[in-house]
Protein chains: 2
Amino acid sequence: MRDRQDKPGVAARRPLLELVLPVLRDAIINRTLPPGERLSESDICARLGISRTPLREALRILETEGLVTMAAGVGAVVTPISPPDLHDRFDLLAGLEAIAAARVAGRRDPETIRRILAIQREMESASRQGSREEYYKANDRFHQTIVEAAGNEAVLNAHRTTMWHVYRIRHATNTANPLGPEAARHHEAIIAAVIAGDVDGAFVSMRRHLEDVSDLVLGRPVAGWFGATDHDAPGAG
Amino acid sequence: MRDRQDKPGVAARRPLLELVLPVLRDAIINRTLPPGERLSESDICARLGISRTPLREALRILETEGLVTMAAGVGAVVTPISPPDLHDRFDLLAGLEAIAAARVAGRRDPETIRRILAIQREMESASRQGSREEYYKANDRFHQTIVEAAGNEAVLNAHRTTMWHVYRIRHATNTANPLGPEAARHHEAIIAAVIAGDVDGAFVSMRRHLEDVSDLVLGRPVAGWFGATDHDAPGAG
DNA sequence: TCCTATAATATCGTATACGAAATAGGGGAC
DNA sequence: GTCCCCTATTTCGTATACGATATTATAGGA
């Protein structure tokens, strides 16, 4: 624990919170800490080699982000996954990306458009080659690029937080849902609106696209969604 | 400090955090703690009669909400007000309420429509009587009702957090900007779309309305906006 | 007079300690 | 055999303590 930089020269003064928070967050997102898992403070402290003070600050932040649920006197739990909650978050995502798309359309920044078109070509290429992995990565970049290009910190933050919740169910949906050609057509509509500077068009087409994705993803529940309960353990039934 | 409920009967077990967080948040929103104010932990602890442990948890939450800015080793500061940041947040607000309006339009719940129309009449009445106070209150209810009626927890949360930032500049804008007749016309368009079940129409008209409000509010900076700095003290210049 | 370096002070980050509530386990009554 | 109650242990909420860093004040020199 005492192995922080002894030289306070360049990059010293890193609160343990900043070390611990991403670790916990990543563990929750990638299901190392599965939904419903009880988070014993002493256990985590021992595992991470820190005291409870910075850990509790991290838990409070995760609670604010919705990744952890805390009950007074009882403790912290990795927020269980609930389809209604996810539906709400996808809706929120639609609003966030719609605003971003509208802004990008309003700007018509050539560099941004160039980048989006390049990603579009990557998606087409991946689609032709049947490379699902590449396709999904490019798809992520497509959305991420638009949100970043909007240049709105508040939207970007809300988007990031929302995506953490989406990522948490990715492992179950990525392979399950072949959201290929429809998505490509939607993307074309969005891109066309952006290039044309059609603000309302970009706004509406992005919302519609994400609502379709939401229906596609949430309309097909996958085993394991409800988190670690005893009666749907892997291999059971 | 030892005056918590001795009877653990009904509503015991209230962490100090839950007591302190709203107090600090309200103080920031209503400018009892003005933008830029340094938040000395020991001072606040003494004033509130608590120890630093729950206070720091509250500060971390406020930091996540964007109301407080913390620098490692330096401490907490009430986040200064910045027009670009506010612009971003108004944009976010537009996306959130647009999604809410779209959902409300999709539902066409009679009770919700009835309520919205009632608020609309209140606004007209207040407008005729020139009662600015009543008008603004009804206006708040109009937006709040739509967001709540959407029934989306994620959107509601994001909206609440965003509104805290908006409230913080209310005192400066409420009296300064006569957003009367234009807003009324916008509201009519939104209501019409909701009643007609026109999802896209509600989505777009709500966004447009809030962008106009944003331009109106942020296009006219008011003294005091940049918070407590020495060189723009009241009466100066 | 202004700048710099050094020392004193205040404040932060983290660890630990303590009281209280919740949970778990065992024994007894029905 | 089942249910309930009581006790023991764990875990949480909060306070306090300590080392380290940032800030401020002070004194010296240019």
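Keep in mind that what you see is a predicted model, and the values were worked out from it rather than measured. Reminder, nothing fancy here: chain letters follow the sequence lines and each chain counts from 1.
- Contacts between residues 56-64 of chain B and DNA chain D, defined by a heavy-atom separation under 4.0 Å, are absent.
- Set against C/dG13, D/dT11, D/dA15, the side chain of B/Pro54 has D/dA15 as its closest nucleotide.
- At the heavy-atom level, A/Leu55 lies nowhere under 4.0 Å from the strands shown.
- Computed from coordinates, the A/Leu16 CG to D/dA20 C1' distance equals 13 Å when rounded to whole Å.
- Between the side chain of B/Asn152 and the backbone N or O of A/Asp88 there is at least one donor-acceptor pair closer than 3.5 Å.
- A sub-4.0 Å separation between OP1 or OP2 of C/dT14 and a side-chain N or O of A/Thr53 is absent.
- Atom CE of A/Met70 and atom C1' of D/dC12 are 9 Å apart (whole Å).
- Here the P atom of nucleotide D/dT11 and the CD atom of A/Glu41 are 10 Å apart, to the nearest Å.
- A salt bridge links B/Glu111 and B/Arg114; the closest N-O separation between the charged side-chain nitrogens and carboxylate oxygens is under 4.0 Å.
- Rounded to whole Å, atom P of C/dT11 lies 7 Å from atom CZ of B/Arg38.
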side-chain hydrogen bond (donor to acceptor under 3.5 Å, both in side chains), that's the test. Do A/Ser82 and A/Asp85 meet it? Break it down for me. CA-CA 5 Å; A/Ser82 107; A/Asp85 176 69; 4.9 Å; no
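- The only option from B/Arg56, B/Arg60, B/Arg47 that meets the salt bridge (Lys or Arg N to Asp or Glu O under 4.0 Å) definition with B/Glu41 turns out to be B/Arg56.
- No N or O donor and acceptor, one from the side chain of B/Arg14 and one from the base of D/dG13, sit under 3.5 Å apart.
- Considering only side-chain atoms of B/Ser51, the nucleotide from C/dT14, D/dC12, D/dA15 that sits closest is D/dA15.
- Residues B/Arg103 and A/Glu211 are paired through a salt bridge, judged by an N-O separation under 4.0 Å between the basic side chain and the carboxylate.
- Residue A/Leu17 contributes atom CG, which lies 15 Å from atom P of C/dC12 at whole-angstrom precision.
- Judged by closest nucleotide on DNA chain C, B/Leu39 is the one of B/Leu39 and A/Arg52 placed further toward the 5' end.
- With contacts defined as side-chain heavy-atom distances shorter than 4.5 Å, the pair A/Val147/A/Leu96 does not qualify.
- B/His87 pairs by the ring pair (Phe, Tyr, Trp, His ring centres under 6.0 Å) definition with nothing, not counting sequence neighbours.
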